[in-house]
Number of protein chains: 2
Amino acid sequence: MATSRTDPLTLEVIELIGSVVARYYEEYEQAAAAHSLTGAQARVLGLLSVEPLPMRRIAQKLKCEPSNVTGIVDRLEARGLVERRPDPADRRVKLAAPTERGAATAAQLRDALDFAREPLAGLSAADRTVLRDLLRRMLGSA
Amino acid sequence: MATSRTDPLTLEVIELIGSVVARYYEEYEQAAAAHSLTGAQARVLGLLSVEPLPMRRIAQKLKCEPSNVTGIVDRLEARGLVERRPDPADRRVKLAAPTERGAATAAQLRDALDFAREPLAGLSAADRTVLRDLLRRMLGSA
DNA sequence: TATTGTTATACTCTATAACTATA
DNA sequence: TATAGTTATAGAGTATAACAATA
């Protein structure tokens, strides 16, 4: 680890990853703002567009306290993008699910993000395969 | 772009980059929290540890409104990590600079982050060179 | 008793607009 | 008049603690 801090190559890679992270976040927020959504709202809407979730599960996915999810879903619900449904199996649970409009918004958001992440277009299929394998190994190792 | 959305390889790379971004942010927040700092405070402290900056410049680097920087620097100053100095060249300007303690905290933060980004250790020097070149091309192309 | 979701509270970050002191 | 920094205000996200309904 002492070596990694002084190794110029590693430092440059770290800096590049920092740049990727910054660009990704920036574009994510822009895409959300284009629909007058905050980043957190867009994230929740994206999660729910995959499958409806109990409030508790949303908090786990977001790595935040469940009490925060109440407000985020409240605001999505007030805009008609999400609705709360009872869980037939457990009356304590509320399932948050996208409305039709919410699902459409989530799809648009997803497309915008795919486009935003399009710097990958500069890489050939072979390049992308190499990049995929390197990222897999990076993420798998820790 | 239509192709990119349906190409499974590209989709996987996009998802992997998303994972890298999530991990990076998570670890950044953890490192900051270990020093009882918020992400924004840690970011500003990191910026100032490179060089003292006028309030306005900090806002530009953070891509936020200058009025927000006042509070962030206030809180860093209240904790004795940053101080405001007059700019001899322009009496309107206040230069924010880390104190000795602030510089030490910034250094610790940097080390913790380098360590956190250590998944790179799983890659050989040759791998890292390839990764660096791919990231450079990704970032350069847009 | 334990769990789900909510409310209440307090803090931070954010943008907007108006203010001050310089330039 | 223009610019740098601040203040005031309001909205959103966050954590903590306490609560009601249900298990």
Side-chain angles (χ1 to χ4, degrees), chain A residues 22 25-26 28-48 52-79 81-97, chain B residues 22 25-48 51-79 81-97:
Chain A
Y25 249 73
E26 211 177 312
Y28 193 97
E29 296 291 326
Q30 279 177 12
H35 292 270
S36 300
L37 293 170
T38 65
Q41 288 165 8
R43 230 161 289 135
V44 169
L45 190 56
L47 284 175
L48 300 182
L53 292 172
M55 303 297 281
R56 209 97 190 166
R57 290 284 300 135
I58 299 175
Q60 288 167 350
K61 297 257 192 191
L62 256 57
K63 296 184 204 297
C64 75
E65 293 303 312
S67 59
N68 301 325
V69 179
T70 299
I72 298 171
V73 170
D74 279 352
R75 290 181 270 278
L76 286 170
E77 200 167 31
R79 293 197 34 199
L81 299 174
V82 160
E83 63 184 8
R84 275 179 249 234
R85 301 176 188 159
D87 181 342
D90 185 337
R91 286 194 300 170
R92 291 173 305 182
V93 172
K94 288 177 190 168
L95 291 171
Chain B
Y25 248 73
E26 209 178 313
E27 293 179 349
Y28 193 97
E29 295 292 325
Q30 278 176 13
H35 292 272
S36 300
L37 293 171
T38 65
Q41 288 164 9
R43 229 159 292 135
V44 169
L45 191 55
L47 284 174
L48 300 183
E51 63 175 337
L53 292 173
M55 303 298 280
R56 210 97 190 167
R57 288 286 300 135
I58 299 175
Q60 289 167 349
K61 297 259 191 187
L62 256 57
K63 297 184 202 298
C64 75
E65 293 302 314
S67 59
N68 302 325
V69 179
T70 299
I72 298 171
V73 169
D74 278 352
R75 289 180 271 278
L76 286 170
E77 198 167 32
R79 295 198 31 203
L81 299 175
V82 159
E83 62 183 10
R84 276 179 247 235
R85 301 177 188 157
D87 181 341
D90 185 338
R91 286 194 301 169
R92 291 174 304 180
V93 173
K94 289 175 191 169
L95 291 169

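First the proteins, then the strands, lettered A, B, ... as listed; each starts at 1.
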Nearest non-hydrogen partners of [X] and [Y], listed with the distance:
| X | Y | value |
| --- | --- | --- |
| A:T70 | A:R84 | O-NH2, 3.8 Å |
| B:L37 | B:L45 | CD1-CD2, 4.1 Å |
| B:P86 | B:L95 | O-CD1, 4.3 Å |
| A:I58 | A:A96 | CD1-CB, 3.9 Å |

Original post:
In terms of the nearest nucleotide of DNA chain D, which residue is placed more toward the 5' end: A:A40 or A:A89?
Top reply: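 The answer here is A:A40.
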Original post:
Would you say the side chain of B:R92 and the base of D:dT3 hold a donor-acceptor pair, judged only by whether the two atoms sit under 3.5 Å apart?
Top reply: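 Donor-acceptor pair under 3.5 Å: yes.
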Under 4.0 angstrom between [X] side-chain N/O and [N] OP1 or OP2:
| X | N | answer |
| --- | --- | --- |
| B:R91 | C:dA23 | yes |
| A:T70 | C:dT6 | yes |
| B:T38 | C:dC13 | yes |
| A:K94 | D:dA21 | no |

Nearest to the side chain of [X], heavy atoms from C-beta on, is which of [options]?
| X | options | value |
| --- | --- | --- |
| B:Q41 | C:dC13, C:dT6, D:dT22 | C:dC13 |
| B:D90 | C:dT22, C:dT14, C:dG5 | C:dT22 |
| A:S67 | D:dG13, D:dT16, D:dT6 | D:dT16 |
| A:N68 | D:dT22, D:dT14, C:dT6 | D:dT14 |
| B:E65 | C:dA15, C:dA23, C:dT7 | C:dA15 |

**OP:** Would you indicate what A:R84 reaches in the nucleic acid, counting non-hydrogen atoms under 4.0 angstrom: base, sugar-phosphate, or nothing?
**Re:**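 Since only primed, P, OP1 and OP2 atoms lie under 4.0 Å of A:R84, the category is sugar-phosphate.
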Subject >> Working for side-chain contact (heavy atoms from CB on, under 4.5 Å), residues A:V44 and A:L62 >> reply: CA-CA 8 Å; A:V44 169; A:L62 256 57; 3.7 Å; yes
Measure the distance from [atom1] on [X] to [atom2] on [N] and round it to the nearest whole Å.
| X | N | atom1 | atom2 | result |
| --- | --- | --- | --- | --- |
| A:L95 | C:dT6 | CG | P | 11 Å |
| A:I58 | D:dG13 | CD1 | P | 13 Å |
| A:D74 | D:dG13 | CG | P | 11 Å |
| B:I72 | C:dT12 | CD1 | C1' | 9 Å |
| A:L53 | C:dG5 | CG | C1' | 15 Å |
| A:R75 | C:dT6 | CZ | P | 12 Å |
| A:E29 | C:dT14 | CD | P | 10 Å |
| A:M55 | C:dT6 | CE | C1' | 9 Å |

